[in-house]
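Bear in mind the structure is a predicted one, so any value in this text is a computation, not a measurement.
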Amino acid sequence: MSRTTPVLTPALRPRRLAGVAALALPALVLGATAASAHVTVTPDAAETGSYATLTFKVPNESAEASTTAVQVDLPSDTPFTSVSVEPVPGWTAKVTQAPLPEPVEVHGTTVTEAPASIEWTADDADAGIAPGEFLRFTVSAGAVPDGVEEIVLPATQTYSDGEVVAWDQEASGDAEPEHPAPVLQVVPAAEDGGHGAASAAGAGDSGTDAGTDASAEDDGSGTLPLALGAAGLGLGLVGAVTGVVALARTRARADGTDGTSSTEQR
């Protein structure tokens with residue numbers, strides 16, 4: 001008994017190709033996600049002299065193990081003078097202070113000791129970052145030092161199976177390294193002379209002017225639609241009155257014609 005090889009008709013070929021594409025798509029998406037996932041910091045820039053709220057996003061790249069510890073190293077040559085952490089349920093945070101290699105001037109203050117690292121540890125296995133999940137760790141750090149263009153914040157990720165991944169590679173050129181370190185760009189502070197106080201006052205003054213201008217614009221822009229609406233309503237009323245008058249005249253003429261015909265017949 002011979003076996004017949006099925007032939008794909010033109011109507012079936014697109015369906016078969018669509019099925020193959022649908023099966024391949026999840027693999028491509030998962031592959032792209034795994035390749036692009038790494039520890040990052042947001043925002044990616046902060047003003048000198050400010051106290052920045054930094055959030056480290058930590059994805060779990062393991063298919064089987066959970067992330068149980070995360071450590072971020074802080075700079076010692078351009079140190080932060082203060083670091084505080086936001087509590088993460090199920091995790092314990094620890095900020096380690098360390099003497100600096102040599103004293104440094106930070107915004108007019110001589111600093112000999114500064115925060116050297118921040119470490120978050122899961123309280124138990126269930127609190128870890130499971131496969132396919134991520135977690136955010138937020139800190140307030142400052143004052144952001146001046147005299148530098150960027151601050152590299154190397155991170156270390158520890159898994160429940162003992163694997164340790166260091167996110168400490170700096171980019172060179174356009175190519176991104178395999179394990180890039182989080183980087184915070186440093187931008188000059190606004191020239192307000194008071195770390196935001198004068199800026200706020202200026203914003204209030206400019207806000208008043210802006211509010212006055214906005215009110216003037218609102219008055220102008222708000223009056224025009226009202227005027228147009230009133231004009232449209234007036235035209236509508238005129239049209240309605242004209243229609244009623246025309247209808248009354250038509251009926252009057254019709255009545256007059258009928259009356260004449262009746263008289264003549266009599």
Side-chain angles (χ1 to χ4, degrees), residues 37-60 67-123 127-129 133-158 165-168 170 180-204:
H38 51 267
V39 178
T40 58
V41 61
T42 54
D44 57 2
E47 291 185 354
T48 58
S50 68
Y51 279 75
T53 299
L54 308 177
T55 298
F56 296 89
K57 180 180 178 181
V58 182
N60 189 57
T67 297
T68 56
V70 176
Q71 178 174 314
V72 174
D73 295 329
L74 304 176
S76 58
D77 52 346
T78 55
F80 295 110
T81 57
S82 174
V83 170
S84 58
V85 299
E86 181 178 70
V88 178
W91 290 71
T92 299
K94 178 183 178 182
V95 179
T96 300
Q97 299 276 341
L100 299 176
E102 57 183 25
V104 297
E105 290 286 332
V106 179
H107 299 288
T109 303
T110 301
V111 179
T112 60
E113 184 181 79
S117 65
I118 315 167
E119 184 177 9
W120 293 269
T121 306
D123 296 337
I129 309 173
E133 297 180 351
F134 70 89
L135 197 59
R136 293 187 178 97
F137 301 91
T138 301
V139 304
S140 174
V144 176
D146 54 9
V148 294
E149 295 182 354
E150 64 180 23
I151 299 175
V152 181
L153 301 167
T156 304
Q157 185 174 11
T158 303
V165 179
W167 302 93
D168 58 356
E170 298 185 36
V183 176
L184 177 68
Q185 302 295 329
V186 178
V187 298
E191 296 181 0
D192 51 29
H195 298 298
S199 176

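Taking OG1 of Thr138 as the start and NZ of Lys57 as the end, the distance is 12.5 Å to the nearest 0.5 Å. To the nearest 0.5 Å, the span separating NZ on Lys94 from OG1 on Thr121 amounts to 9.0 Å. Atoms CD and OG1, from Glu113 and Thr81 in turn, are 12.0 Å apart once rounded to the nearest 0.5 Å. Interatomic distance, Thr68 OG1 to Asp123 CG, rounded to the nearest 0.5 Å: 11.5 Å. Distance CD1/Ile151 to CD/Gln185: 9.5 Å, rounded to 0.5 Å. Note that OG1 of Thr40 and CG of Leu54 are 11.5 Å apart. Values are rounded to the nearest 0.5 Å.
Between Ser140 and Tyr51 the shortest heavy-atom distance is OG-CB, 4.4 Å. When all heavy atoms are compared, the tightest approach of Pro154 to Ala181 is CA-CB, 4.2 Å. The shortest non-hydrogen separation linking Ala46 to Ala52 is CB-CB, 3.8 Å. Nearest heavy atom pair, residue Leu100 against residue Ala114, reads CD2-CB, 4.0 Å. Closest approach of Ala127 and Trp91 over heavy atoms only: O-NE1, 3.0 Å. Nearest heavy atom pair, residue Pro59 against residue Gln157, reads O-NE2, 2.9 Å.
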Trace of the side chain to side chain contact (heavy atoms under 4.5 Å, CB included) decision for Thr67 with Phe134: CA-CA 9 Å; Thr67 297; Phe134 70 89; over 6 Å; no

Steps toward side chain to side chain contact (heavy atoms under 4.5 Å, CB included) verdict (Asp146, Val186): CA-CA 8 Å; Asp146 54 9; Val186 178; 6.0 Å; no

Worked check of side chain to side chain contact (heavy atoms under 4.5 Å, CB included) between Leu74 and Ile118: CA-CA 8 Å; Leu74 304 176; Ile118 315 167; 4.1 Å; yes

Side chain to side chain contact (heavy atoms under 4.5 Å, CB included) evaluation trace for Val104 with Asp77: CA-CA 8 Å; Val104 297; Asp77 52 346; over 6 Å; no

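More than 12 heavy atoms of other residues, nucleotides or ligands shown are found within 6.0 angstrom of CD on Gln97. Summarising the local packing, CD of Glu105 is surrounded by more than 12 heavy atoms from other residues, nucleotides or ligands at distances under 6.0 Å.
Within the 4.5 Å cutoff, no side-chain heavy atoms of Thr48 are placed close to those of Val187. At a threshold of 4.5 Å between non-hydrogen side-chain atoms, the residues Glu170 and Val152 count as touching. Using a 4.5 Å cut-off on side-chain heavy atoms (C-beta onward), Val144 and Glu47 make no contact. Annotation: side chain of Asn60 is not in contact with side chain of Glu133 (no heavy-atom distance under 4.5 Å). At least one side-chain heavy atom of Val58 sits under 4.5 Å from a side-chain heavy atom of Ile129. Looking at heavy atoms from C-beta onward, Asp73 lies out of side-chain contact with Leu153 at the 4.5 angstrom threshold. Residues Phe137 and Thr55 have side chains not in contact (no heavy-atom distance under 4.5 Å, counting atoms from C-beta outward). Between Val165 and Thr156 the shortest side-chain heavy-atom distance does not fall below 4.5 Å.
Ring geometry for Phe56 against Trp120 counts as tilted: the plane angle lies between 30° and 60°, on a 0 to 90° scale.
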